[in-house]
Amino acid sequence: LKNIDDPLLEKRLLQLDEAGSSMKYKVGVLLCAPGQKTDDEFFCNVNGSLGFEKFLMCLGDKVELKGFKGFTGGLDTRDNLTGTHSIYTKWRNFEVMFHVSTMIPFTPGDTQQVARKKHLGNDIVMIVYLDGDVEFDPTSIRTQFTLVFIVIKEESIFVDGKQVDGYRIALTTNIDVPKFLPTLPNPSLFYDRNEIHEFLLSKIINGENAAYKAPRFAKPAARTQRALFEDIVEEF
């Protein structure tokens, strides 16, 4: 053992510690319309319903992509190649960009909508919005990366004779993803926009972090960490 008094060593160790964490997240948002059962059908929805558009406002703000200076999540900010707008939010110290299926340009003649799947299919967490009477089977989504599905369905109740719109939330994950907070309440209904925003952002970030512990991601991450550590040892 030897004592090393070098400020650069402290900086490199900090970089190693931060290598496994992120303050920026990209999340898919997929619309499922009545009668649809396959991912090709889901990704072919050209426009969202009024209910879907209203729900998006629970996630964040609608931002113009051209010239956008925040975290882009891989979306184009110069030539509108991935759409003109998207949904983005800053939550606590995190930046989150949402890949909304209906905001990414629809390609006529492409039954698989590859451009849309390129983004949503590479997101670890996906929000699935059920528009009306539709059921969702996570195995219908052909992806190697999405391990956490947060399923949303609008639901209304009458309080003192007035209709109150809310959302029921369900969760399904890959078997290798460990449980993560916050737990869903029983019943899993939310009627306050701020409350659902806080819950979903917390669930999204914790869900992605939990997914990184699944073997699919944990083993490559461990190899990267080990390589970085070996570089530090060799350097100092």
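Using a 4.5 Å cut-off between side-chain heavy atoms of Ile, Leu, Val, Met, Phe, Trp and Tyr, with links allowed through other members, Val148 and Ile141 fall into different hydrophobic clusters. Cluster annotation: Val96 is connected to Val100 through the hydrophobic network of ILVMFWY side chains, with a link wherever side-chain heavy atoms come within less than 4.5 Å. Residues Ile205 and Ile87 fall within the same hydrophobic cluster, defined by Ile, Leu, Val, Met, Phe, Trp and Tyr side chains chained together at heavy-atom separations under 4.5 Å. When the side chains of ILVMFWY residues are joined at heavy-atom separations under 4.5 Å, either directly or via intervening members, Val134 and Val151 end up in a single hydrophobic cluster. In the hydrophobic clustering of this structure, Leu171 groups with Leu200; members are Ile, Leu, Val, Met, Phe, Trp, Tyr whose side-chain heavy atoms approach within less than 4.5 Å, directly or through other members.
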Exercise. Test Lys24 against Met97 for side-chain contact (heavy atoms from CB on, under 4.5 Å), laying out the working first.
Key: CA-CA 8 Å; Lys24 300 177 181 180; Met97 176 62 80; over 6 Å; no

Check your understanding: Yes or no on side-chain hydrogen bond (donor to acceptor under 3.5 Å, both in side chains) for Ser156 and Asp165, after CA distance, side-chain angles and deciding distance?
Key -> CA-CA 4 Å; Ser156 302; Asp165 296 326; 2.6 Å; yes

For this session: Test side-chain contact (heavy atoms from CB on, under 4.5 Å) on Leu31 and Phe55 and set out the steps.
Result: CA-CA 11 Å; Leu31 171 65; Phe55 167 71; over 6 Å; no

| Can Ile150 and Met126 be said to form a side-chain contact (heavy atoms from CB on, under 4.5 Å), step by step? | CA-CA 6 Å; Ile150 300 174; Met126 182 183 293; over 6 Å; no

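Looking at Ser140, its side chain never comes within 3.5 Å of a backbone N or O of Asp39 through a donor-acceptor pair. The closest donor-acceptor contact from the side chain of Asp110 to the backbone of Val114 lies under 3.5 Å. At distances below 3.5 Å, at least one donor-acceptor pair connects side-chain atoms of Lys153 with backbone N or O atoms of Gly132. At least one donor-acceptor pair closer than 3.5 Å links the side chain of Glu41 to the backbone N or O of Thr38. Proximity of a side-chain donor or acceptor of Asn80 to a complementary backbone N or O of Thr84 within less than 3.5 Å is not detected. Between the side chain of Asp79 and the backbone N or O of Leu81, no donor-acceptor pair lies under 3.5 Å. Panel note: side chain His99, backbone Gly73; a donor-acceptor pair is recorded below 3.5 Å.
Among all heavy-atom pairs drawn from Ser86 and Met103, the shortest one is CA-SD, 3.5 Å. Taking each heavy atom of Ile124 and Ala211 in turn, the nearest pair found is CG2-CB, 3.4 Å. In plain terms, the two heavy atoms of His197 and Thr89 that are nearest each other are CE1-OG1, 3.6 Å. Here the closest non-hydrogen pair linking Tyr191 and Gly166 is CD2-CA, 3.4 Å.
Asp176 is linked by a side-chain contact (heavy atoms from CB on, under 4.5 Å) to Asn174, Ala214, Pro215, counting only residues two or more places apart in sequence or in another chain. Residues passing the ring pair (Phe, Tyr, Trp, His ring centres under 6.0 Å) test with Phe43: none are found, sequence neighbours excluded. In this structure, the ring pair (Phe, Tyr, Trp, His ring centres under 6.0 Å) partners of Phe94, at least two apart in sequence or on a different chain, are Tyr25. Applying the salt bridge (Lys or Arg N to Asp or Glu O under 4.0 Å) rule to Glu154 yields the partners Lys54; only residues at least two apart in sequence or on another chain are considered. Under the side-chain contact (heavy atoms from CB on, under 4.5 Å) criterion, Asn47 pairs with no residue, sequence neighbours left out. With sequence neighbours excluded, no residue forms a salt bridge (Lys or Arg N to Asp or Glu O under 4.0 Å) with Glu135. Listed by chain and residue number, Phe136, Phe149, Thr172 satisfy the side-chain contact (heavy atoms from CB on, under 4.5 Å) test with Pro138 (two or more places apart in sequence, or in another chain). For the salt bridge (Lys or Arg N to Asp or Glu O under 4.0 Å) test, no residue two or more places apart in sequence or in another chain qualifies with Asp131. Every residue meeting the salt bridge (Lys or Arg N to Asp or Glu O under 4.0 Å) condition with Glu198, not counting sequence neighbours, appears here in chain and number order: Arg92.
Ion pairing of Glu95 with Lys90 is absent here, as no side-chain N (NZ or NE/NH1/NH2) approaches a carboxylate O to less than 4.0 Å.
Between Trp91 and Ile204 the shortest side-chain heavy-atom distance does not fall below 4.5 Å. Side chains of Tyr88 and Thr72 form no contact here, defined as non-hydrogen atoms less than 4.5 Å apart. Counting heavy atoms from C-beta outward, Val27 and Asp123 have side chains that stay 4.5 Å or more apart. Put simply, the side chain of Asp133 does not reach to within 4.5 Å of the side chain of Pro34, judged on heavy atoms. Between Ile104 and Leu120 the shortest side-chain heavy-atom distance falls below 4.5 Å. Inter-residue side-chain proximity for Val128 and Ile152 is flagged as unmet; no heavy-atom pair is nearer than 4.5 Å. In this structure, the side chains of Asn122 and Lys26 come closer than 4.5 Å at one or more pairs of heavy atoms. In this structure the side chain of Val125 never reaches within 4.5 angstrom of the side chain of Phe145, judged on heavy atoms.
In this structure, Phe106 belongs to a hydrophobic cluster whose other members, linked by side-chain heavy atoms under 4.5 Å apart, are Val46.
No hydrogens or angles considered: a donor-acceptor pair under 3.5 Å links the side chains of Thr139 and Asp137. Checking Asn45 against Thr102 by side-chain atom types alone, no donor-acceptor pair falls below 3.5 Å.
Residue Asn206 holds its CG atom at 7.5 Å from NZ of Lys203, rounded to the nearest 0.5 Å. Summarising the geometry, atom CG belonging to Leu75 is positioned 12.0 Å from atom CZ belonging to Phe98; distances are rounded to the nearest 0.5 Å. Atom OG1 of Thr82 is separated from atom CZ of Arg78 by 12.0 Å, given to the nearest 0.5 angstrom.
Remark: of the listed residues Arg116, Gln112, Gln113, Gln113 is the sole one forming a side-chain contact (heavy atoms from CB on, under 4.5 Å) with Cys44.
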Side chains of residues 56-71: which donor-acceptor partners sit under 3.5 Å, not counting sequence neighbours?
none

In a table with atom names and distances, give each donor-acceptor pair under 3.5 Å that connects a side chain of residues 177-190 to protein atoms at least two apart or in another chain.
{"unit_1": "Ser188", "atom_1": "OG", "unit_2": "Ile169", "atom_2": "O", "d": "2.8"}

